[in-house]
*Asks:* 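Right, I'll just put the structure down here and ask away after.
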Amino acid sequence: MKRELERLRDLIRYHEHKYYVESEPEISDREFDRLMEQLKAREAQHPELVTPDSPTQRIFDGTLEGFKQVSHKVAMLSLDNSYNFTELAAFDERVRRSLGIDTDDIEYVAELKIDGVGIALLYENGVLVRGATRGNGTVGDDITPNVRTIMSIPLKLQGDDGLMPPSLEVRGEAFIGLKEFERINREREEAGQPVFANPRNSTAGALRTLDVMEVARRRLDVFIYTLSHAEGLAVETHSESLKLMGRFGLKVNLTTRVCRGLSQVKNYCDEWQEKRHSLDYATDGVVVKVNRLDYQQRLGQTSKHPRWAIAYKFPAEQATTKVLSIDVQVGRTGAVTPVATFEPVQLSGTTVKRASLHNFDEVRRKDVRVGDTVLLEKAGEIIPQVVNVIKSERTGEEMPFEAPTECPVCGSSLVKPEGEVVTRCVNSACPAVLKESIAHFASRAGFEIDGMGPALIDMLVDRGLAKNYADLFKLKKENLVELPRMAEKSADNLLAAIEKSKKVRFDRLIYALGIRHVGAFAARALAQRFGTMDELLSGKSASATGLLTSEQTALSEIDGIGEIVAASIVQYFSVPGNVDVIEELFDAGVEIIYPEKKAASASPFSGKRFVLTGTLNSMNREEAKERIESLGGQITSSVTEKTDCVIVGDKPGSKLDKARKLGVDVLSEDAFLEIIKADIG
Ligand code: IVH
């Protein structure tokens with residue numbers, strides 16, 4: 001059993017590495033979850049065999065008391081900065097002078113400077129035993145439980161036991177990817193919490209959090225860039241150590257480049273200054289390091305920085321522009337947000353015309369007025385923010401902003417709950433709230449109603465044709481053709497799209513309801529846990545009769561549902577009108593499909609492995625993946641003997657050749673569509 005468990009763990013570790021380190025998953029998420037379930041079940045039968053490096057042991061579900069302090073064996077220094085090529089050349093000059101090398105061919109390693117938080121990881125016999133912050137460089141915090149939630153950090157290193165150093169310490173940068181950062185801020189904005197100014201702040205905040213589940217929810221990532229201590233390993237250069245760390249299964253950054261001489265370093269800097277916006281993480285410069293470790297030794301360090309490395313900082317991307325107006329928007333949750341419109345200005349590769357000012361307190365604090373000249377910056381390179389007002393540019397003509405006390409759309413009084421920063425319109429019939437809710441309901445991750453765009457939703461709500469979600473399914477052709485710019489053909493198309501959307505997956509239905517804090521992830525967790533709407537409703541209605549707290553507790557025990565989310569679900573279902581609308585949806589013909597059950601029967605996709613190549617016209621990759629998985633198949637990334645079928649879109653790649661070589665079945669997009677249509681019925 002012990003052996004079998006370890007084999008299963010190794011298999012899961014392998015797939016974790018493929019997914020989180022290499023970003024090249026070989027199996028579907030579902031298949032991965034199945035392996036984890038298997039492991040959990042077996043470990044539950046044999047709790048005495050559970051090891052701390054088991055993939056099931058990543059997240060400690062509880063609150064930490066505080067962090068212990070740890071001393072770093074080797075001090076964690078910071079880097080000296082340079083802001084232009086002259087300063088960089090001075091560094092190169094110093095290095096060569098100290099080493100007594102007068103040719104221009106010192107080997108440097110140029111790597112991106114990740115804008116996150118430095119951490120140190122200690123592995124003993126290949127097992128992660130400690131994660132620590134930099135602290136003051138000598139003493140940091142022991143944040144092991146938080147670091148263990150970072151999926152790209154292996155709990156156990158790969159590689160031969162014989163070669164594994166008994167003690168290995170590496171350093172790297174923990175960060176939050178830009179997409180995740182956007183998600184976190186969106187969720188915080190909706191929850192009435194202050195948004196983070198940039199991904200670095202949210203990473204730093206996460207690493208200091210005592211609630212480990214909360215850290216896990218931030219989905220941190222890491223790049224490892226220093227091998228600080230490796231007992232018994234002989235390495236001569238920094239680039240070699242990076243390779244070695246990669247082989248241990250640690251996530252090193254693949255954009256790193258060995259450069260001969262300063263001119264190649266400059267090329268790298270120029271290149272990434274341009275290209276950095278294409279990355280999913282924030283980088284604020286390049287770190288230039290002398291490659292040879294014996295040179296590093298000879299160069300030594302000052303009390304603060306090594307003399308063998310320097311950071312080249314990209315020029316800060318800021319711009320100034322004029323505020324043309326400050327308007328107030330009402331969101332799906334009723335949150336009222338001030339939004340500034342500017343004279344269009346170029347910033348980090350895009351034209352910025354608008355930026356959220358987040359909330360009224362923020363406008364007051366920054367004292368942003370219409371007519372002001374403001375300094376803009378892109379937080380985490382994506383979201384434009386007003387840094388401050390340039391008060392010296394004021395003429396006296398600027399108009400101070402007055403926060404409204406009434407909803408600009410429906411006129412009802414606005415509410416600002418104690419302790420929250422967000423002001424809300426709490427009128428659930430407010431057209432603005434309704435419009436946003438319908439847009440969410442019909443969106444891709446919800447009912448996916450093609451053609452249900454903002455302009456149409458505006459008209460439907462303004463004319464009283466959509467007073468709730470269920471009304472969408474009661475629309476008639478005669479209502480639609482009366483709308484401006486709605487020809488008969490478009491009305492038919494829209495009705496067909498609405499009809500098609502009536503068959504909906506359970507989790508998508510839950511998501512579409514727009515329950516505060518219930519995104520796609522929580523919706524999937526709820527769908528899995530409750531299975532049917534009746535179960536979910538009966539589970540919840542108990543709460544309305546005074547069981548609220550125990551109900552909440554039960555919900556927050558579901559993986560992926562925290563207490564705030566649980567409270568929000570209970571609150572949603574305690575409003576009778578919300579339950580009525582769900583019933584109305586079913587009366588109007590909405591039908592939940594349960595793809596998993598279907599897949600278990602006769603789907604031609606069941607248990608088969610598929611590979612996609614080329615571009616599909618009818619759907620994107622994600623959708624194709626979802627369809628195949630919902631029918632019981634799985635998507636893998638490369639064609640092997642085990643592949644059952646390759647689905648071929650436009651401009652197929654080498655995967656098609658490989659499929660032909662191996663004699664794997666090939667399916668055109670049309671044939672694929674035929675099959676899935678037949679299967680969904
Ligand atoms: S090397 C002594 N490499 O930048 C050398 N640091 O401002 C120290 N950082 O404390 C680290 N990306 O947290 C190195 N590729 C990279 C880095 C990097 C980001 C951080 C690190 C360091 C800070 C210095």
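When a ligand or atom number is given, it counts from 1 through the structure's own listing order. One-based numbering along the sequence shown.
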*Asks:* When the aromatic ring centroids of Phe181 and Phe196 are compared, is their separation below 6.0 Å?
*Replies:* no
*Asks:* Between Glu26 and Tyr14, is any side-chain donor less than 3.5 angstrom from a side-chain acceptor?
*Replies:* yes
*Asks:* Which atoms of ligand 1 sit under 4.0 Å from any heavy atom of Pro306?
*Replies:*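 Under 4.0 Å from Pro306, ligand 1 has these atoms: 2 (C).
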*Asks:* If you measure from each non-hydrogen atom of Asp115 to ligand 1, which part falls under 4.0 Å: side chain, backbone, both or neither?
*Replies:*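 It is neither part, as no heavy atom is under 4.0 Å.
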*Asks:* Compute the minimum heavy-atom distance from Lys289 to ligand 1 and say whether it is under 4.0 Å.
*Replies:*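 Lys289 counts as a contact of ligand 1 under the 4.0 Å cut-off.
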*Asks:* What is the nearest protein non-hydrogen atom to atom 12 (N) of ligand 1, stated with its residue, atom name and distance?
*Replies:*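 It is Ile114 N, 3.0 Å.
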*Asks:* How are the rings of Tyr312 and Phe314 set to each other: parallel, tilted or perpendicular (split at 30° and 60°)?
*Replies:*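 Rings of Tyr312 and Phe314: perpendicular, as their planes differ by over 60°.
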*Asks:* Flag the pair Lys179 and Glu182 as a salt bridge only when some basic side-chain nitrogen lies within less than 4.0 angstrom of an acidic carboxylate oxygen.
*Replies:* no
*Asks:* Considering only non-hydrogen protein atoms, determine which one is nearest to atom 23 (C) of ligand 1 and report residue, atom name and distance to 0.1 Å.
*Replies:*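 For this ligand atom, the closest protein heavy atom is Lys113 NZ, 4.1 Å.
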*Asks:* Check each atom of ligand 1 against the heavy atoms of Glu111 and keep those under 4.0 Å away; list them by number with element.
*Replies:*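 Those qualifying, in numeric order: 3 (N), 15 (N), 16 (C).
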*Asks:* Applying side-chain hydrogen bond (donor to acceptor under 3.5 Å, both in side chains), run through Glu169 and His72 and close with a yes or a no.
*Replies:* CA-CA 10 Å; Glu169 200 213 44; His72 299 296; 4.6 Å; no
*Asks:* Where does Glu173 meet ligand 1, judged by heavy-atom distances below 4.0 Å: at the side chain, the backbone, both, or neither?
*Replies:* side chain
*Asks:* At under 4.0 Å between heavy atoms, which part of His305 makes contact with ligand 1: side chain, backbone, both or neither?
*Replies:*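 It is neither part, as no heavy atom is under 4.0 Å.
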*Asks:* From atom 6 (N) of ligand 1, work out which of Phe175, Tyr225, Trp308 has a heavy atom at the shortest distance.
*Replies:* Tyr225
*Asks:* For the rings on Phe223 and Tyr281, is their centre-to-centre separation under 6.0 Å?
*Replies:* yes
*Asks:* Run down the list Thr226, Thr283, Thr256, Leu77 and name the one with the heavy atom closest to atom 8 (C) of ligand 1.
*Replies:* Leu77
*Asks:* Side chain or backbone of Leu79 under 4.0 Å from ligand 1, or both, or neither, by non-hydrogen atoms?
*Replies:*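 For Leu79, the contact with ligand 1 is made by both the backbone and the side chain.
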*Asks:* If you count the atoms of ligand 1 from 1 in the order shown, which ones are under 4.0 Å from a heavy atom of Gly118?
*Replies:*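 Listed by number with element: 13 (O).
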*Asks:* Apply the test side chain to side chain contact (heavy atoms under 4.5 Å, CB included) to residues Phe60 and Thr149: give CA-CA distance (whole Å), side-chain angles for both, the deciding distance (0.1 Å), then the verdict.
*Replies:* CA-CA 8 Å; Phe60 162 77; Thr149 68; over 6 Å; no
*Asks:* Would you check the N or O atoms of Val117, main chain and side chain alike, for any that come under 3.5 Å of an N or O of ligand 1?
*Replies:* no
*Asks:* Ion pair present between Asp53 and Arg13, side-chain N to carboxylate O less than 4.0 angstrom?
*Replies:*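 Between Arg13 and Asp53 there is a salt bridge, with a charged N closer than 4.0 Å to a carboxylate O.
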*Asks:* Looking at Asp361 and Arg364, is there a salt bridge between them, counting it only when a charged N and a carboxylate O are closer than 4.0 Å?
*Replies:* yes
